[in-house]
Number of protein chains: 2
Amino acid sequence: MTSIPNSENINTWISELNSDAKAAISVDCVIFGYNEKELSVLQIECNMPPHEAKMSLIGDLVKSYETVDEAANRILEKITGLSDLYLEQVQTFSDPNRHPLGRVISVAYYSLIKTDKYELIDKEHKHLQWVPITSTEEMAFDHQQIMNLCYNRLKKRLRERPVGFSLLPKKFTLIQLQRLYEIILGIKLDKRNFRRKLKATGLLKDLGEVQQDVSHRPAKLYTFDYERYAEMKNSNVLKFDI
Amino acid sequence: MTSIPNSENINTWISELNSDAKAAISVDCVIFGYNEKELSVLQIECNMPPHEAKMSLIGDLVKSYETVDEAANRILEKITGLSDLYLEQVQTFSDPNRHPLGRVISVAYYSLIKTDKYELIDKEHKHLQWVPITSTEEMAFDHQQIMNLCYNRLKKRLRERPVGFSLLPKKFTLIQLQRLYEIILGIKLDKRNFRRKLKATGLLKDLGEVQQDVSHRPAKLYTFDYERYAEMKNSNVLKFDI
DNA sequence: TCAAAAGTGTTCAGCGTACACCCATGC
DNA sequence: GCATGGGTGTACGCTGAACACTTTTGA
């Protein structure tokens, strides 16, 4: 950035940069967890007045040497033990009164995780909790607003990009995939139309295998074709509209 | 936000908030100007080493008492003399080395303005310049990247929300409107199909007036129906897909 | 053989797209 | 009367949506 004319010279800049123009920067992550039954958000007990009774999102201050993306990944890895999770920056929140301890500007992210992968690590963090997205308990600070915005973004993305596959096992059935869409979007979908659409994307690989040990007709197993996806992105022919 | 478990207690927080965890926050605005011939971006000569020869976006530091939205509006009003411009937050940029004078985290916005409205005020700011979006001169800092991202966002928005009308006079012809879409999107559109689609939104009011003093068949004048738009947004029936 | 869930095709309406000619005005 | 740009309708293919029955397996 370059300052607007009136305050534009380097000396002004340097003194402003060292004055109270500085603020603390944090990252808040809406970590969506999916367990094939419901969509939840990972929350932590808030121990900060005046929000002691409420839950809040997972966040931390951004270090001086990292980008906000890096901070978000660091937080995620610390909490989940997993790296390379799907992660998307959503919006920056900056109400001067949003945080009780002073000015904290927060960059909101959301990420996606299979709840079962996480369970292992949860044991050491008892005050962490999966809260179903349908829960109406009010959250601390402006975290309710952040969560709602991220949920809306997720719903939009799910329909225009293949982000949902990161919430399923590598091998999945079409029924599992459909249920994922139905639960996250909160709507019912037509089985035949859904299958036709998904197959038309060309991003499903039929593994030629079927489910084992189910007491009904076993379903075929598919996997997401990451290579094909990379090709399509590169050549700009990706058509994904569910 | 609430810190992650290991560093979670208020004293840690307070000391971190007063330490070097703070950073300068700025807002950078991609101000798109449209003059019915081309789309330009308002840029300013950059006088900061090592970028002296380049142009940069309009920006400023965020004051301690304002939100980033407010900062963006303040900057816009100072530069253009206009308030209530269309304004949208796009993304936060935070590479620790993005700014030569130290850590400055920047929130990128774009806004839309009719170039002719602006011309009046430009006189006092000679080092400001409208640069056509098609220009390939490299910009200072990461401003090229910011501009590209904002331009892509604008193109997407233009097709899914009625944001383009703020770039036309109150009374406009369908040809003017189509030209606006063609220039911003950088594509050709079919006249008949474009008109059918736009009329189908129900957001155009036929004024029953025609152009004056043109040396050909005068075109009908329309206006954007803001009341209708507000109603549609409220009742969630807005369908706008150009 | 029954229960439970998987899998499969067709029809119809609406929408996007391609395309060519007549109309109103000023000069 | 001619040059200039404004304005209009139709046909076709594709896509989204609605909808019901057969298949495979384990118990």
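Since this is a predicted model, take the numbers as computed values, not measurements. Letters A, B, ... are given to chains in the order of the sequence lines, protein chains preceding strands, and every chain is numbered from 1.
- Chain A approaches DNA chain C within less than 4.0 angstrom (heavy atoms of the protein), and the contacting nucleotides run 5' to 3' from C:dA4 to C:dT10.
- Atom CZ of B:Arg228 sits in a sparse spot, with 12 or fewer heavy atoms from other residues, nucleotides or ligands closer than 6.0 Å.
- For the salt bridge (charged side-chain N to carboxylate O under 4.0 Å, His left out) condition, no pair includes a residue of residues 128-137 of chain A, sequence neighbours left out.
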Which atoms of nucleotides 24-27 of chain D (N or O only) lie under 3.5 Å from a protein N or O atom, and what are those distances?
{"unit_1": "D:dT24", "atom_1": "O2", "unit_2": "A:Arg217", "atom_2": "N", "d": "3.1"}

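- Residues A:Glu182 and A:Lys188 are paired through a salt bridge, judged by an N-O separation under 4.0 Å between the basic side chain and the carboxylate.
- Residue-level contact check: A:Lys220 touches the backbone only, with heavy atoms under 4.0 Å from sugar-phosphate atoms and none from bases.
- Classification of B:Asp190 and B:Lys197 as a salt-bridged pair fails, no side-chain N sitting under 4.0 Å from a carboxylate O.
- Using modelled atom types and a 3.5 Å distance limit, the side chains of B:Thr67 and A:Ser94 yield no donor-acceptor pair.
- A donor-acceptor contact under 3.5 angstrom links the side chains of A:Glu88 and A:Tyr86, judged on distance only.
- Classification of the A:Phe165-A:Phe240 ring pair by plane angle, with boundaries at 30° and 60°, yields perpendicular.
- In this view, A:Tyr222 satisfies the ring pair (Phe, Tyr, Trp, His ring centres under 6.0 Å) rule with no residue, not counting sequence neighbours.
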Subject >> Verdict with reasoning, A:Phe224 to A:Tyr226, per ring pair (Phe, Tyr, Trp, His ring centres under 6.0 Å) >> reply: CA-CA 6 Å; A:Phe224 181 71; A:Tyr226 285 97; 4.7 Å; yes
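- Between B:Glu160 and A:Lys156 there is a salt bridge, since a side-chain N of the basic residue sits under 4.0 Å from a carboxylate O of the acidic one.
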Original post:
When you check every protein heavy atom under 4.0 Å of nucleotides 9-18 of chain D, what one-letter string (B, S, -) results, 5' to 3'?
Top reply: BB-----SBB
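- Annotation: side chain of A:Lys114 is not in contact with side chain of A:Asn35 (no heavy-atom distance under 4.5 Å).
- Within residues 157-175 of chain A, the residues approaching DNA chain C are A:Ile175, by heavy-atom distance under 4.0 Å.
- The 12-atom threshold is exceeded at CG of A:Asp206, counting heavy atoms of other residues, nucleotides or ligands nearer than 6.0 Å.
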